[in-house]
Protein chains: 2
Amino acid sequence: MKTISPEMQVFMDYLHQKKLKLTPHRELILEHFIGNEGHRSVDDIYRVVREQDPRVGYTTVYRTMKLLVDSGLAREIDLADGMTRYEHLYNRQHHDHMICMQCGSSIEFYNAHIEALQDAASEQLGFRVTDHRLQIYGLCKSCCD
Amino acid sequence: MKTISPEMQVFMDYLHQKKLKLTPHRELILEHFIGNEGHRSVDDIYRVVREQDPRVGYTTVYRTMKLLVDSGLAREIDLADGMTRYEHLYNRQHHDHMICMQCGSSIEFYNAHIEALQDAASEQLGFRVTDHRLQIYGLCKSCCD
DNA sequence: CTGTGTGCAAATGGTTTGCAAAAAC
DNA sequence: GTTTTTGCAAACCATTTGCACACAG
């Protein structure tokens with residue numbers, strides 16, 4: 001029998017709640033998404049999924065990624081390279097990014113203190129936070145040398 | 001005689017250094033940009049400038065805004081509404097934005113402590129910061145009610 | 001059947017670019 | 001004259017949408 005990953009379970013619950021179905025294409029896209037780390041664009045995912053099933057179209061990847069974001073499994077990130085990228089969100093600590101403007105690499109970091117200060121600053125202004133993003137641009141260690 | 005604003009002086013210096021000229025169109029765009037506060041899109045600026053001189057083209061606004069960013073007078077910001085917006089940078093304290101996902105308004109805020117922690121976190125990872133952006137998404141006070 | 005899912009191609013929309021004419025020096 | 005600037009239209013490119021067909025319940 002097939003093992004169901006916790007991510008798949010979350011997705012199935014989400015789809016059920018929305019009265020949508022877990023189709024083979026959607027399943028394939030989710031599997032590839034959770035199976036690979038990193039910051040992947042729709043095009044990245046499209047190409048990998050295509051290797052396994054060439055019938056999957058570009059549009060379906062776009063639409064499925066939207067569902068994944070909506071279900072809380074993925075997060076859109078902006079790495080300033082002209083396209084939306086996605087990263088895992090399930091069971092993953094929130095974090096931010098440092099983006100190297102030379103080599104394009106990105107470092108993930110997390111600072112609880114910064115997070116707390118953001119929440120405090122928001123509360124003080126009567127702002128109800130649903131999400132936040134912090135990007136630090138510059139040169140990574142190896143590009144500094 | 002005409003008064004030259006400090007922003008204009010900065011722009012003139014920048015253009016001179018780049019061996020470019022301060023043309024009437026560029027001057028007009030800068031004047032409108034520094035004369036109005038807020039987060040303005042190319043389209044906003046285009047329309048206002050057009051009222052004064054209909055010969056100014058869309059392209060020129062785009063190109064001039066790039067020059068303004070390059071000269072340090074303007075900063076691109078992403079308010080998640082599908083287009084790049086610009087805000088003043090000259091003589092202005094760095095700040096971040098809280099963006100209301102309902103009414104689209106944005107609140108500027110600044111927290112020295114957060115800034116310092118960002119720098120500390122970067123230094124620790126050997127990352128040389130050139131810029132950073134923090135956006136907090138949610139609901140503003142009036143949209144919460 | 002009825003409704004959802006899908007691929008394709010076309011549309012969209014902000015931004016950029018090619019190019020010839022206009023302006024600046 | 002030589003170089004830069006400009007406006008227009010066309011190109012670009014990631015993303016979205018219209019639509020007819022495929023497929024599942």
Side-chain angles (χ1 to χ4, degrees), chain A residues 11-12 14-33 39-71 74-87 104, chain B residues 11-12 14-33 39-71 74-87 104:
Chain A
F11 196 39
M12 285 165 68
Y14 167 81
L15 291 173
H16 183 256
Q17 182 200 325
K18 288 269 188 172
K19 296 197 192 335
L20 301 174
K21 294 158 203 159
L22 181 62
T23 64
H25 284 186
R26 286 177 179 159
E27 193 174 343
L28 195 57
I29 291 166
L30 174 57
E31 268 172 12
H32 274 289
F33 180 64
H39 308 123
R40 335 252 305 289
S41 67
V42 166
D43 195 63
D44 293 340
I45 297 163
Y46 171 74
R47 282 208 297 265
V48 177
V49 169
R50 268 249 155 171
E51 283 175 19
Q52 194 156 333
D53 187 342
R55 290 170 306 172
V56 177
Y58 223 93
T59 318
T60 302
V61 180
Y62 267 107
R63 289 194 271 230
T64 304
M65 291 317 293
K66 275 214 184 313
L67 294 176
L68 291 181
V69 169
D70 215 43
S71 70
R75 182 164 79 123
E76 295 185 353
I77 54 175
D78 177 14
L79 258 37
D81 65 348
M83 61 187 107
T84 305
R85 290 177 173 277
Y86 297 87
E87 65 178 4
Chain B
F11 196 38
M12 285 166 66
Y14 167 80
L15 293 172
H16 183 256
Q17 182 200 322
K18 286 271 186 170
K19 296 199 193 337
L20 302 173
K21 294 158 203 159
L22 180 61
T23 64
H25 285 186
R26 285 176 180 160
E27 193 174 341
L28 196 57
I29 292 166
L30 174 57
E31 268 171 13
H32 275 288
F33 179 64
H39 307 124
R40 335 252 303 292
S41 66
V42 165
D43 194 63
D44 293 339
I45 298 162
Y46 170 74
R47 281 206 298 263
V48 177
V49 169
R50 269 248 156 172
E51 284 174 19
Q52 195 157 332
D53 187 343
R55 289 170 307 174
V56 177
Y58 223 93
T59 320
T60 303
V61 180
Y62 268 106
R63 289 193 272 230
T64 305
M65 292 317 293
K66 276 214 183 313
L67 294 176
L68 290 181
V69 169
D70 216 41
S71 70
R75 181 165 79 124
E76 294 185 353
I77 55 175
D78 176 14
L79 257 38
D81 64 348
M83 62 188 106
T84 306
R85 289 177 174 277
Y86 297 87
E87 65 178 5

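Heavy-atom basis, side chains included; hydrogens, waters and symmetry copies ignored. Within every chain, numbering begins at 1; the chains are lettered A, B, ... in the order of the sequence lines, protein sequences first and strands thereafter.
- Put simply, NZ on B:K66 is 16 Å from P on D:dT6, counting in whole angstrom units.
- Rounded to the nearest 0.5 Å, atoms CG (B:D43) and CZ (B:R85) are 9.0 Å apart.
- Of all nucleotides listed (D:dT15, D:dG18, C:dT4), D:dG18 comes nearest to the side chain of A:R63.
- Across all strands shown, B:K18 has no heavy atoms under 4.0 Å from either base or sugar-phosphate atoms.
- Whole-Å rounding puts the B:Y46 OH to D:dT6 C1' distance at 13 Å.
- Side-chain N/O atoms of A:T23 include one lying less than 4.0 angstrom from OP1 or OP2 on C:dT6.
- For the OP1/OP2 pair of C:dG5 and a distance below 4.0 Å, the side-chain nitrogens and oxygens of A:R26 include at least one atom meeting the criterion.
- The shortest distance between the side-chain N/O atoms of B:Y62 and the OP1/OP2 oxygens of C:dT16 is not below 4.0 Å.
- Note: NZ (A:K21) to C1' (D:dA22) measures 12 Å, nearest angstrom.
- The phosphate of D:dA14 has neither OP1 nor OP2 within less than 4.0 Å of any side-chain N or O from A:T84.
- Residue B:H25 places at least one side-chain N or O closer than 4.0 Å to OP1 or OP2 of D:dG7.
- Distances shorter than 4.0 Å separate none of the side-chain N or O atoms of A:K19 from OP1 or OP2 on C:dG3.
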